[in-house]
Amino acid sequence: MAGFRGLPASASRREGKTEVQGARIVVPFEDNRLLTRLLGEYDSHLALIEDRLGINAHAHGNVVILTGPANACALAREVLEKLYARVAKGESIGAGDFDGLIRHARTEGPSSDGQAQIATRRRVVKARTPMQSSYIRAIEKHDLVFGVGPAGTGKTYLAVAFAAHCLERGVVERIILSRPAVEAGERLGFLPGDMREKVDPYLRPLYDALYDVLPPEKVERDLETGVIEIAPLAFMRGRTLANAFVILDEAQNTTSMQMKMFLTRLGEGSKMVVTGDPTQVDLPPGMRSGLEEAVSLLDGVDDISAIRFTGADIVRRDLVAKIVAAYDKAV
(Lines give C-alpha, C1' and ligand atoms only; values in the text may rest on other atoms or scores of the structure.)
Protein backbone atom coordinates (compact mmCIF):
# COMPACT_ATOMS: atom_id res chain seq x y z
CA MET A 1 0.00 0.00 0.00
CA ALA A 2 1.13 3.53 -0.66
CA GLY A 3 3.25 4.99 2.11
CA PHE A 4 4.33 1.60 3.56
CA ARG A 5 7.11 0.50 1.19
CA GLY A 6 9.85 -0.12 3.74
CA LEU A 7 10.07 2.87 6.08
CA PRO A 8 7.56 5.45 4.80
CA ALA A 9 9.22 8.68 3.80
CA SER A 10 6.36 10.57 5.41
CA ALA A 11 7.09 8.83 8.71
CA SER A 12 10.82 9.50 8.51
CA ARG A 13 10.15 13.13 7.71
CA ARG A 14 8.01 13.51 10.83
CA GLU A 15 10.80 12.41 13.15
CA GLY A 16 11.97 15.41 15.13
CA LYS A 17 9.57 17.69 13.25
CA THR A 18 7.00 19.92 14.88
CA GLU A 19 3.48 19.05 13.76
CA VAL A 20 1.94 21.80 11.63
CA GLN A 21 -1.34 22.88 13.25
CA GLY A 22 -4.48 23.94 11.40
CA ALA A 23 -6.78 22.13 9.00
CA ARG A 24 -6.89 18.37 8.48
CA ILE A 25 -7.97 17.12 5.07
CA VAL A 26 -8.32 13.45 4.10
CA VAL A 27 -7.99 12.90 0.35
CA PRO A 28 -9.25 9.46 -0.87
CA PHE A 29 -8.13 7.72 -4.06
CA GLU A 30 -9.81 4.74 -5.73
CA ASP A 31 -6.82 2.80 -7.07
CA ASN A 32 -3.85 2.07 -4.79
CA ARG A 33 -1.65 1.18 -7.77
CA LEU A 34 -2.22 4.59 -9.31
CA LEU A 35 -1.72 6.22 -5.93
CA THR A 36 1.66 4.54 -5.60
CA ARG A 37 2.71 6.05 -8.94
CA LEU A 38 1.30 9.43 -7.90
CA LEU A 39 3.25 9.62 -4.66
CA GLY A 40 6.58 8.52 -6.15
CA GLU A 41 9.26 6.27 -4.73
CA TYR A 42 9.18 6.34 -0.92
CA ASP A 43 6.49 9.04 -1.12
CA SER A 44 9.03 11.51 -2.48
CA HIS A 45 6.33 13.65 -4.05
CA LEU A 46 4.66 14.11 -0.68
CA ALA A 47 7.99 15.34 0.66
CA LEU A 48 8.04 17.94 -2.11
CA ILE A 49 4.49 19.06 -1.26
CA GLU A 50 5.45 19.41 2.41
CA ASP A 51 8.53 21.44 1.54
CA ARG A 52 6.77 23.75 -0.91
CA LEU A 53 3.58 24.35 1.07
CA GLY A 54 4.69 24.08 4.71
CA ILE A 55 2.24 21.31 5.62
CA ASN A 56 2.41 17.72 6.81
CA ALA A 57 1.35 15.02 4.35
CA HIS A 58 1.32 11.27 4.77
CA ALA A 59 -0.29 8.31 3.05
CA HIS A 60 -2.34 5.64 4.82
CA GLY A 61 -3.91 2.93 2.71
CA ASN A 62 -5.78 4.59 -0.14
CA VAL A 63 -5.90 8.08 1.42
CA VAL A 64 -3.51 10.97 1.85
CA ILE A 65 -3.86 12.99 5.06
CA LEU A 66 -2.94 16.66 4.91
CA THR A 67 -2.53 18.82 8.01
CA GLY A 68 -1.54 22.46 8.23
CA PRO A 69 -2.79 25.89 7.14
CA ALA A 70 -6.21 25.54 5.50
CA ASN A 71 -5.32 27.31 2.24
CA ALA A 72 -2.13 25.30 1.80
CA CYS A 73 -3.93 22.01 2.46
CA ALA A 74 -6.65 22.93 -0.05
CA LEU A 75 -4.00 23.71 -2.63
CA ALA A 76 -2.21 20.40 -1.93
CA ARG A 77 -5.49 18.53 -2.40
CA GLU A 78 -6.09 20.23 -5.77
CA VAL A 79 -2.57 19.34 -6.91
CA LEU A 80 -2.88 15.70 -5.84
CA GLU A 81 -6.27 15.23 -7.48
CA LYS A 82 -5.24 16.84 -10.76
CA LEU A 83 -2.06 14.78 -11.01
CA TYR A 84 -3.92 11.59 -10.03
CA ALA A 85 -6.21 12.25 -13.00
CA ARG A 86 -3.15 12.50 -15.25
CA VAL A 87 -1.78 9.21 -13.90
CA ALA A 88 -5.18 7.58 -14.51
CA LYS A 89 -4.87 8.64 -18.16
CA GLY A 90 -1.54 6.83 -18.39
CA GLU A 91 0.68 9.91 -18.19
CA SER A 92 4.05 9.75 -16.49
CA ILE A 93 4.57 12.35 -13.80
CA GLY A 94 7.56 13.48 -11.78
CA ALA A 95 8.64 16.03 -9.24
CA GLY A 96 8.59 18.75 -11.90
CA ASP A 97 4.86 18.22 -12.45
CA PHE A 98 4.16 18.75 -8.76
CA ASP A 99 6.42 21.78 -8.61
CA GLY A 100 4.87 23.30 -11.72
CA LEU A 101 1.28 22.82 -10.63
CA ILE A 102 2.03 24.24 -7.17
CA ARG A 103 3.67 27.32 -8.67
CA HIS A 104 0.70 27.93 -10.95
CA ALA A 105 -1.87 27.35 -8.21
CA ARG A 106 -0.08 29.75 -5.86
CA THR A 107 -0.34 32.49 -8.48
CA GLU A 108 -3.76 31.76 -9.94
CA GLY A 109 -5.59 30.11 -7.04
CA PRO A 110 -6.00 26.44 -6.14
CA SER A 111 -9.05 25.97 -8.37
CA SER A 112 -7.20 27.02 -11.52
CA ASP A 113 -5.07 24.89 -13.80
CA GLY A 114 -3.56 27.57 -15.98
CA GLN A 115 -0.62 25.49 -17.16
CA ALA A 116 0.07 25.90 -20.84
CA GLN A 117 1.46 22.83 -22.59
CA ILE A 118 3.19 21.75 -25.79
CA ALA A 119 2.43 18.34 -27.30
CA THR A 120 5.08 16.61 -29.38
CA ARG A 121 5.22 13.05 -30.64
CA ARG A 122 7.57 12.03 -27.86
CA ARG A 123 6.18 13.92 -24.87
CA VAL A 124 3.81 16.55 -23.55
CA VAL A 125 5.78 19.46 -22.13
CA LYS A 126 3.89 21.37 -19.44
CA ALA A 127 4.82 24.83 -18.21
CA ARG A 128 6.29 24.72 -14.71
CA THR A 129 5.84 28.40 -13.81
CA PRO A 130 3.18 30.98 -14.70
CA MET A 131 5.81 32.88 -16.69
CA GLN A 132 6.54 29.76 -18.73
CA SER A 133 2.81 29.57 -19.49
CA SER A 134 2.88 33.21 -20.60
CA TYR A 135 5.89 32.42 -22.80
CA ILE A 136 4.18 29.46 -24.50
CA ARG A 137 1.03 31.48 -25.11
CA ALA A 138 3.04 34.38 -26.47
CA ILE A 139 4.70 32.04 -29.00
CA GLU A 140 1.27 30.72 -29.97
CA LYS A 141 -0.04 34.24 -30.56
CA HIS A 142 2.91 36.22 -31.94
CA ASP A 143 5.33 35.77 -34.84
CA LEU A 144 8.32 37.20 -32.94
CA VAL A 145 8.93 36.52 -29.26
CA PHE A 146 11.87 37.44 -27.05
CA GLY A 147 12.55 35.18 -24.07
CA VAL A 148 14.89 37.05 -21.72
CA GLY A 149 16.16 35.88 -18.34
CA PRO A 150 18.59 33.78 -16.33
CA ALA A 151 19.80 30.26 -17.01
CA GLY A 152 17.53 27.39 -16.04
CA THR A 153 14.21 29.07 -16.83
CA GLY A 154 13.41 26.91 -19.86
CA LYS A 155 13.66 29.66 -22.49
CA THR A 156 15.45 27.58 -25.11
CA TYR A 157 13.91 24.21 -24.27
CA LEU A 158 10.33 25.47 -24.57
CA ALA A 159 11.11 27.27 -27.83
CA VAL A 160 12.58 24.07 -29.33
CA ALA A 161 9.60 22.04 -28.06
CA PHE A 162 7.18 24.49 -29.69
CA ALA A 163 9.18 24.35 -32.92
CA ALA A 164 8.91 20.55 -32.90
CA HIS A 165 5.17 20.82 -32.25
CA CYS A 166 4.74 23.13 -35.25
CA LEU A 167 6.87 20.93 -37.52
CA GLU A 168 4.97 17.75 -36.67
CA ARG A 169 1.64 19.43 -37.39
CA GLY A 170 2.72 20.96 -40.68
CA VAL A 171 2.44 24.53 -39.42
CA VAL A 172 6.01 25.08 -40.65
CA GLU A 173 8.16 23.20 -43.15
CA ARG A 174 11.45 23.36 -41.28
CA ILE A 175 13.21 24.35 -38.08
CA ILE A 176 16.23 26.65 -38.09
CA LEU A 177 18.29 26.92 -34.91
CA SER A 178 21.13 29.39 -34.53
CA ARG A 179 23.62 30.73 -32.01
CA PRO A 180 26.38 33.33 -32.22
CA ALA A 181 29.68 31.43 -31.98
CA VAL A 182 31.29 34.15 -29.88
CA GLU A 183 33.89 31.86 -28.35
CA ALA A 184 35.34 31.26 -31.80
CA GLY A 185 34.77 34.80 -32.95
CA GLU A 186 32.55 33.25 -35.63
CA ARG A 187 35.77 32.29 -37.41
CA LEU A 188 35.32 28.55 -37.50
CA GLY A 189 37.74 27.70 -40.28
CA PHE A 190 40.62 26.87 -37.96
CA LEU A 191 38.65 24.10 -36.27
CA PRO A 192 39.04 20.52 -37.62
CA GLY A 193 36.27 18.62 -39.39
CA ASP A 194 33.33 19.54 -41.62
CA MET A 195 30.98 22.41 -40.83
CA ARG A 196 28.69 20.38 -38.58
CA GLU A 197 31.67 19.13 -36.58
CA LYS A 198 33.01 22.67 -36.28
CA VAL A 199 29.81 24.17 -34.88
CA ASP A 200 28.50 21.25 -32.81
CA PRO A 201 30.25 22.28 -29.56
CA TYR A 202 28.54 25.69 -29.66
CA LEU A 203 25.12 24.34 -30.58
CA ARG A 204 25.00 21.23 -28.37
CA PRO A 205 22.23 22.57 -26.06
CA LEU A 206 19.96 22.89 -29.09
CA TYR A 207 20.65 19.29 -30.10
CA ASP A 208 19.93 18.11 -26.55
CA ALA A 209 16.52 19.82 -26.57
CA LEU A 210 15.65 18.36 -30.00
CA TYR A 211 16.47 14.81 -28.95
CA ASP A 212 14.35 15.24 -25.83
CA VAL A 213 11.15 16.22 -27.66
CA LEU A 214 11.49 14.29 -30.94
CA PRO A 215 12.39 10.64 -31.70
CA PRO A 216 16.17 10.37 -32.28
CA GLU A 217 15.73 8.79 -35.71
CA LYS A 218 13.54 11.69 -36.85
CA VAL A 219 16.08 14.24 -35.62
CA GLU A 220 18.88 12.50 -37.53
CA ARG A 221 16.80 12.16 -40.69
CA ASP A 222 15.66 15.77 -40.60
CA LEU A 223 19.20 17.01 -39.97
CA GLU A 224 20.39 15.05 -42.99
CA THR A 225 17.62 16.37 -45.27
CA GLY A 226 17.80 19.95 -44.02
CA VAL A 227 14.32 19.96 -42.49
CA ILE A 228 16.14 20.81 -39.27
CA GLU A 229 19.07 23.17 -39.75
CA ILE A 230 21.51 24.19 -37.05
CA ALA A 231 23.98 26.91 -37.99
CA PRO A 232 26.01 29.77 -36.54
CA LEU A 233 24.49 33.24 -36.72
CA ALA A 234 27.03 34.34 -39.37
CA PHE A 235 25.44 31.89 -41.83
CA MET A 236 22.07 33.67 -41.68
CA ARG A 237 23.23 36.75 -43.60
CA GLY A 238 21.49 37.31 -46.95
CA ARG A 239 18.80 34.68 -46.41
CA THR A 240 15.01 34.93 -46.23
CA LEU A 241 13.61 32.37 -43.81
CA ALA A 242 10.07 31.52 -44.94
CA ASN A 243 7.68 28.85 -43.61
CA ALA A 244 10.09 28.08 -40.81
CA PHE A 245 10.32 28.14 -37.04
CA VAL A 246 13.50 30.09 -36.34
CA ILE A 247 15.26 30.22 -32.96
CA LEU A 248 18.24 32.37 -32.02
CA ASP A 249 19.75 31.20 -28.74
CA GLU A 250 22.31 33.03 -26.56
CA ALA A 251 21.22 36.23 -28.28
CA GLN A 252 22.85 38.39 -25.60
CA ASN A 253 26.07 37.75 -27.51
CA THR A 254 24.87 39.42 -30.71
CA THR A 255 25.94 42.90 -31.70
CA SER A 256 23.39 45.50 -32.73
CA MET A 257 24.04 44.88 -36.44
CA GLN A 258 23.93 41.10 -36.06
CA MET A 259 20.57 41.29 -34.29
CA LYS A 260 19.10 43.59 -36.95
CA MET A 261 20.41 41.25 -39.65
CA PHE A 262 18.84 38.22 -37.97
CA LEU A 263 15.45 39.77 -37.23
CA THR A 264 15.08 40.96 -40.82
CA ARG A 265 15.50 37.38 -42.09
CA LEU A 266 11.93 36.63 -40.97
CA GLY A 267 9.87 35.58 -43.99
CA GLU A 268 6.24 34.72 -44.72
CA GLY A 269 4.70 31.90 -42.69
CA SER A 270 7.51 31.90 -40.13
CA LYS A 271 7.77 32.26 -36.39
CA MET A 272 10.89 33.50 -34.63
CA VAL A 273 11.95 33.14 -30.99
CA VAL A 274 15.01 34.96 -29.65
CA THR A 275 16.38 33.89 -26.26
CA GLY A 276 19.18 35.14 -24.06
CA ASP A 277 20.45 36.11 -20.63
CA PRO A 278 21.53 39.78 -20.44
CA THR A 279 23.70 39.01 -17.38
CA GLN A 280 25.96 36.64 -19.34
CA VAL A 281 27.28 38.78 -22.19
CA ASP A 282 30.56 37.58 -23.73
CA LEU A 283 31.01 40.49 -26.11
CA PRO A 284 34.14 42.69 -25.88
CA PRO A 285 33.99 45.35 -23.12
CA GLY A 286 32.06 48.45 -24.13
CA MET A 287 30.07 46.71 -26.88
CA ARG A 288 26.31 46.82 -26.29
CA SER A 289 24.33 43.62 -26.57
CA GLY A 290 21.95 43.52 -29.50
CA LEU A 291 19.38 41.64 -27.42
CA GLU A 292 18.53 44.34 -24.90
CA GLU A 293 18.61 46.98 -27.63
CA ALA A 294 16.15 45.02 -29.77
CA VAL A 295 13.78 44.39 -26.87
CA SER A 296 13.79 48.11 -26.09
CA LEU A 297 13.42 49.32 -29.67
CA LEU A 298 10.61 46.91 -30.54
CA ASP A 299 8.58 47.42 -27.36
CA GLY A 300 4.95 47.98 -28.31
CA VAL A 301 5.28 46.82 -31.93
CA ASP A 302 2.32 44.69 -33.03
CA ASP A 303 2.86 40.90 -33.19
CA ILE A 304 6.04 41.12 -31.10
CA SER A 305 6.16 40.01 -27.47
CA ALA A 306 8.93 40.08 -24.87
CA ILE A 307 8.75 37.71 -21.88
CA ARG A 308 11.09 38.47 -19.00
CA PHE A 309 11.94 35.56 -16.73
CA THR A 310 13.37 36.02 -13.24
CA GLY A 311 15.10 33.85 -10.68
CA ALA A 312 11.65 32.77 -9.47
CA ASP A 313 11.18 30.97 -12.81
CA ILE A 314 14.28 28.79 -12.56
CA VAL A 315 13.21 25.15 -12.83
CA ARG A 316 16.55 23.42 -13.28
CA ARG A 317 16.96 22.81 -9.53
CA ASP A 318 16.80 24.86 -6.34
CA LEU A 319 20.57 25.20 -6.11
CA VAL A 320 20.72 26.95 -9.51
CA ALA A 321 18.20 29.53 -8.27
CA LYS A 322 20.37 30.17 -5.21
CA ILE A 323 23.48 30.60 -7.39
CA VAL A 324 21.71 33.11 -9.66
CA ALA A 325 20.38 35.01 -6.63
CA ALA A 326 23.88 35.22 -5.11
CA TYR A 327 25.36 36.65 -8.31
CA ASP A 328 22.48 39.11 -8.74
CA LYS A 329 22.98 40.32 -5.20
CA ALA A 330 26.68 40.91 -5.83
CA VAL A 331 26.06 43.12 -8.87
Side-chain angles (χ1 to χ4, degrees), residues 1-5 9-10 25-50 52-53 55 57-66 72-137 139-140 154 157-158 160-171 209-218 315:
M1 291 188 292
F4 292 92
R5 298 179 293 281
S10 51
I25 297 178
V26 178
V27 188
F29 297 93
E30 293 183 0
D31 192 326
N32 272 15
R33 292 171 299 176
L34 297 180
L35 180 58
T36 298
R37 290 167 52 194
L38 172 71
L39 301 184
E41 188 174 6
Y42 301 113
D43 296 349
S44 59
H45 296 156
L46 286 186
L48 188 148
I49 287 177
E50 287 187 334
R52 294 290 190 269
L53 298 178
I55 65 174
H58 68 275
H60 183 79
N62 70 325
V63 303
V64 173
I65 301 171
L66 308 168
C73 287
L75 193 156
R77 177 175 188 162
E78 291 279 347
V79 168
L80 287 168
E81 289 178 343
K82 286 176 180 177
L83 290 177
Y84 180 84
R86 292 185 193 175
V87 172
K89 294 177 182 177
E91 294 184 27
S92 297
I93 63 169
D97 296 289
F98 280 84
D99 185 54
L101 203 51
I102 289 170
R103 292 195 197 205
H104 278 79
R106 274 176 161 170
T107 301
E108 302 165 3
S111 62
S112 173
D113 184 0
Q115 282 181 294
Q117 66 180 41
I118 305 166
T120 70
R121 189 185 308 177
R122 193 170 187 188
R123 67 176 71 251
V124 175
V125 179
K126 294 181 181 291
R128 288 181 56 184
T129 72
M131 193 60 74
Q132 284 194 350
S133 283
S134 296
Y135 184 53
I136 293 171
R137 292 177 182 129
I139 298 173
E140 289 175 343
Y157 182 84
L158 291 174
V160 172
F162 205 102
H165 166 87
C166 289
L167 182 65
E168 289 184 326
R169 282 154 182 76
V171 177
L210 279 171
Y211 282 110
D212 198 51
V213 297
L214 289 172
E217 62 276 9
K218 176 172 176 56
V315 296

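- At a threshold of 4.5 Å between non-hydrogen side-chain atoms, the residues Leu53 and Ile102 count as touching.
- In this structure, CD on Gln132 lies 10.5 Å from OH on Tyr157, to the nearest 0.5 angstrom.
- Under the 4.5 Å side-chain criterion, counting only non-hydrogen atoms from C-beta, Arg128 is in contact with Asp99.
- Contact of the Arg122 side chain with the Pro216 side chain is registered, since non-hydrogen atoms from C-beta on lie closer than 4.5 Å.
- The two atoms that bring Ala57 and Leu66 nearest to each other are CB-CD2, 3.6 Å, heavy atoms only.
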Handout entry: Asp43 vs His58, side chain to side chain contact (heavy atoms under 4.5 Å, CB included): CA-CA, chis, key distance, verdict
Key = CA-CA 8 Å; Asp43 296 349; His58 68 275; over 6 Å; no
Exercise for the section: Would you please test Val64 and Phe29 for side chain to side chain contact (heavy atoms under 4.5 Å, CB included) and show each step? Expected result: CA-CA 8 Å; Val64 173; Phe29 297 93; 3.8 Å; yes
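- Considering all non-hydrogen atoms of both residues, Phe98 and Leu38 come closest at CZ-O, 3.3 Å.
- Looking only at distances, no side-chain donor or acceptor of Thr120 sits under 3.5 Å from a matching main-chain atom of Leu214.
- Here the straight-line distance linking atom CD of Glu81 with atom CG of Leu83 works out to 10.5 Å at 0.5 Å rounding.
- Between Arg121 and Val213, the closest side-chain pair of non-hydrogen atoms is not below 4.5 Å.
- Expressed to the nearest 0.5 Å, how far CD1 of Ile25 lies from SG of Cys73 amounts to 5.0 Å.
- Remark: Asn32 CG to Leu39 CG distance equals 9.5 Å, nearest 0.5 Å.
- Residues Ala127 and Ile136 approach most closely at CB-CD1, 4.0 Å, considering heavy atoms.
- Nearest heavy atom pair, residue Gly61 against residue Leu35, reads O-CD2, 3.7 Å.
- Under 3.5 Å, the side chains of Asp31 and Tyr84 contain no donor-acceptor pair of N or O atoms.
- Nearest heavy-atom pair across Arg86 and Leu101 is NH2-CD1, 4.1 Å.
- Within 6.0 Å of CD in Glu217 there are more than 12 heavy atoms belonging to other residues, nucleotides or ligands.
- Here the NZ-CG distance, from Lys89 to Leu34, works out to 13.0 Å after rounding to the nearest 0.5 Å.
- Atom CD1 in Ile49 sits 10.0 Å away from atom OG in Ser44 (nearest 0.5 Å).
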Problem - Candidate pair Lys126 and Gln115, rule side-chain hydrogen bond (donor to acceptor under 3.5 Å, both in side chains), full reasoning - result: CA-CA 7 Å; Lys126 294 181 181 291; Gln115 282 181 294; 5.7 Å; no
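- Distance alone, capped at 3.5 Å, places no donor-acceptor pair between the Asn62 side chain and the Glu30 backbone.
- Between His165 and Ile118, the shortest heavy-atom contact is CB-CG2, 3.6 Å.
- Ion pair Arg123/Asp212 flagged as a salt bridge, since at least one NZ, NE, NH1 or NH2 atom sits closer than 4.0 Å to an Asp/Glu carboxylate oxygen.
- Applying the 6.0 Å contact sphere to CZ of Arg33 captures no more than 12 heavy atoms from other residues, nucleotides or ligands.
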